[in-house]
Chemist: 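One structure is given below, represented as structure tokens, and several questions about it will come after.
Counting convention: from 1, in listed order, for ligands and their atoms alike. The structure presented is a predicted model; accordingly, all values stated were derived computationally and were not measured.
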Amino acid sequence: MGTGHLQIDLSALAENWRALDAMTACETAAVVKADGYGLGAARVAVALAQAGARTFFVAVAEEGAQLRATLGDGPEIAVFSGHMPGDTAILREARLTPMLNSPEQVARHLGALPGHPFGIQLDSGMNRLGVEPADWAGLRDRVLPAGPTLLMSHLACADEPDHPMNAAQLAAFRAMTDGLDVPKSLAATGGILLGPDYQFDLTRPGIGLYGGLPFAAAQPVVRLDLPVIQTRDLASGETVGYGNSWTAPAPTRIATVSGGYADGLIRSLSNTATLWMDDTPCPLRGRVSMDLLTVEVPAGAAPDHLTLIGPHQGVDALADAAGTIGYEILTSLGPRYRRSYP
Ligand SMILES: *Cc1c(COP(=O)(O)O)cnc(C)c1O
């Protein structure tokens with residue numbers, strides 16, 4: 001077996017959904033954009049639907065159409081990018097609910113698909129997606145009679161509970177939605193943890209389902225084992241890998257494992273990551289190559305694999321070593337691994 005083995009624990013995923021659901025009194029949806037944060041949207045969404053999720057969010061209509069084919073007619077599937085040019089047929093045929101982001105999208109949707117469900121995404125200060133407050137003031141009397149299914153917005157700093165942006169966005173969202181008799185949603189994973197003021201009628205967790213921060217109490221979902229291709233003994237002063245970026249200070253045993261930056265093991269892990277031989281930490285030596293890592297193992301050791309994501313090092317610890325966030329590690333994992341869903 002030349003490729004790494006990615007294990008995705010669907011019971012832990014379902015457990016995380018239930019744990020986040022138990023923190024609120026409202027509906028808990030599930031965000032499965034970017035192929036379920038890289039873990040396989042079809043497998044992930046079926047497991048979450050079995051756990052009880054009835055509403056799913058994706059980034060773009062094409063992801064929604066694939067998800068509809070997987071999940072069948074029951075669940076609601078909502079699209080964050082709204083109703084883009086060219087989306088009309090796919091939204092209609094896959095019965096997707098676009099979250100409309102601008103007056104142009106509202107006009108496009110009400111013109112092309114009258115009577116078809118939609119929600120409105122409002123900008124409460126992140127300045128990324130959503131209808132601006134001034135535009136909403138001019139639109140709402142036309143939009144509300146058409147029956148939006150959801151009014152939503154997104155928090156920019158929810159992973160920092162003390163950040164003043166949280167309260168500022170909550171106030172902006174309330175100013176745009178208070179008194180309107182439409183279901184409301186503000187919280188993703190971080191927002192759920194901010195407490196009941198942020199939870200409204202529906203929450204939209206993503207990363208917490210997949211075992212990532214800011215949901216520190218999450219069950220780990222991912223394990224990644226990389227096969228060792230060969231081992232060799234270096235004399236003091238020999239170098240390892242491209243650019244000779246690591247020199248053995250003493251006799252050293254190096255294992256070469258299958259997996260590299262083409263598999264999402266990004267180059268910023270070079271000379272900093274740790275892999276594990278069961279309970280023994282094994283430092284990555286030299287640069288990450290496209291398909292290979294070179295790792296120091298104890299003298300005489302000949303492991304058949306090393307663990308990169310597992311009990312000793314979760315997704316966020318690996319992300320820290322790479323100078324990034326768990327979201328980027330997960331969504332970069334790529335298609336080459338053998339995947340199993342125990
Ligand atoms: C990605 C996303 C989410 C999920 O966020 P997490 O931090 O992964 O829980 C929710 N809402 C919107 C608008 C998003 O873009």
Side-chain angles (χ1 to χ4, degrees), residues 13 16-21 23-24 26-39 41 44-45 48 53 55-61 63-64 67 76-84 96-102 105 118-131 149-161 163 165-166 169-170 172-173 176-177 183-195 198-219 221-222 315-316 319 324-332:
L13 173 91
N16 290 334
W17 184 86
R18 283 190 285 265
L20 290 166
D21 185 49
M23 289 178 191
T24 74
C26 65
E27 181 181 350
T28 303
V31 179
V32 297
K33 61 193 179 188
D35 196 28
Y37 287 48
L39 301 184
V44 156
L48 292 168
T55 303
F56 294 82
F57 286 87
V58 293
V60 293
E63 291 179 336
L67 192 61
E76 177 172 346
I77 301 175
V79 182
F80 288 136
S81 62
H83 191 147
M84 307 257 294
L96 309 176
T97 307
M99 299 290 118
L100 305 177
N101 289 298
S102 65
Q105 287 202 346
F118 67 94
I120 299 284
Q121 181 156 203
L122 298 165
D123 179 37
S124 56
M126 189 175 182
N127 286 307
R128 189 181 68 168
L129 279 180
V131 176
T149 59
L150 189 69
L151 301 176
M152 62 161 282
S153 189
H154 193 51
L155 296 167
C157 302
D159 58 339
E160 296 176 62
H163 202 295
M165 186 65 166
N166 296 319
Q169 286 193 263
L170 177 61
F173 185 61
M176 286 186 278
T177 61
K184 303 176 185 83
S185 175
L186 181 59
T189 302
I192 295 172
L193 304 173
L194 295 178
Y198 290 82
Q199 294 166 356
F200 293 90
D201 301 299
L202 175 134
T203 62
R204 311 182 309 270
I207 193 70
L209 305 174
Y210 307 101
L213 289 174
F215 185 27
Q219 304 285 316
V221 171
V222 176
V315 168
D316 287 290
T324 183
I325 53 176
Y327 299 71
E328 188 178 15
I329 295 290
L330 287 177
T331 55
S332 301

Chemist: Test side chain to side chain contact (heavy atoms under 4.5 Å, CB included) on D159 and L213; report intermediate values, then the result.
Modeler: CA-CA 8 Å; D159 58 339; L213 289 174; over 6 Å; no

Chemist: Quick check on contacts: which atoms of ligand 1 are under 4.0 angstrom from a heavy atom of R128?
Modeler: 15 (O)

Chemist: Name the residue from Q169, Q121, R204 that meets the side-chain hydrogen bond (donor to acceptor under 3.5 Å, both in side chains) definition with H154.
Modeler: R204

Chemist: Quick one: nearest non-hydrogen protein atom to atom 5 (O) of ligand 1, plus distance?
Modeler: A188 CB, 3.3 Å

Chemist: Among all protein heavy atoms in this structure, tell me which lies nearest to atom 8 (O) of ligand 1, with the distance rounded to 0.1 Å.
Modeler: Y37 OH, 2.5 Å

Chemist: Show the numbers, then the answer: is there a side chain to side chain contact (heavy atoms under 4.5 Å, CB included) between V44 and Y37?
Modeler: CA-CA 9 Å; V44 156; Y37 287 48; over 6 Å; no

Chemist: Heavy atoms only: which of M126, M99, K33 is nearest to atom 14 (C) of ligand 1?
Modeler: K33

Chemist: Quick one: look up the protein heavy atom nearest atom 7 (O) of ligand 1 and list residue, atom name and how far away it is.
Modeler: Y327 OH, 2.7 Å

Chemist: Whether the side chain of Q105 engages the backbone of S81 through a donor-acceptor N/O pair (distance < 3.5 Å, no angle test) should be reported.
Modeler: yes

Chemist: If you measure from OG on S102 to CG on D123, what distance do you get to the nearest 0.5 Å?
Modeler: 12.0 Å

Chemist: Should you measure from each heavy atom of P205, which atoms of ligand 1 turn up under 4.0 Å away?
Modeler: 9 (O)

Chemist: Test of understanding: given a 4.0 Å heavy-atom threshold, classify the contact between R204 and ligand 1 as side chain, backbone, both, or neither.
Modeler: both

Chemist: Got an N/O contact under 3.5 Å between G190 and ligand 1?
Modeler: no

Chemist: Under 4.0 Å from a heavy atom of T189: give me the atoms of ligand 1 that qualify, with their elements.
Modeler: 6 (P), 9 (O)

Chemist: For S332 and E328, indicate whether the former's side chain and the latter's backbone hold a donor-acceptor pair under 3.5 Å.
Modeler: yes

Chemist: Assess whether side chain to side chain contact (heavy atoms under 4.5 Å, CB included) is satisfied between S153 and L186, documenting all intermediate values.
Modeler: CA-CA 5 Å; S153 189; L186 181 59; 3.8 Å; yes

Chemist: Between ligand 1 and I207, is the shortest N or O to N or O distance under 3.5 Å?
Modeler: yes

Chemist: Where does F80 meet ligand 1, judged by heavy-atom distances below 4.0 Å: at the side chain, the backbone, both, or neither?
Modeler: side chain

Chemist: So how far is it from L100 CG to L129 CG, rounded to the nearest 0.5 Å?
Modeler: 11.5 Å

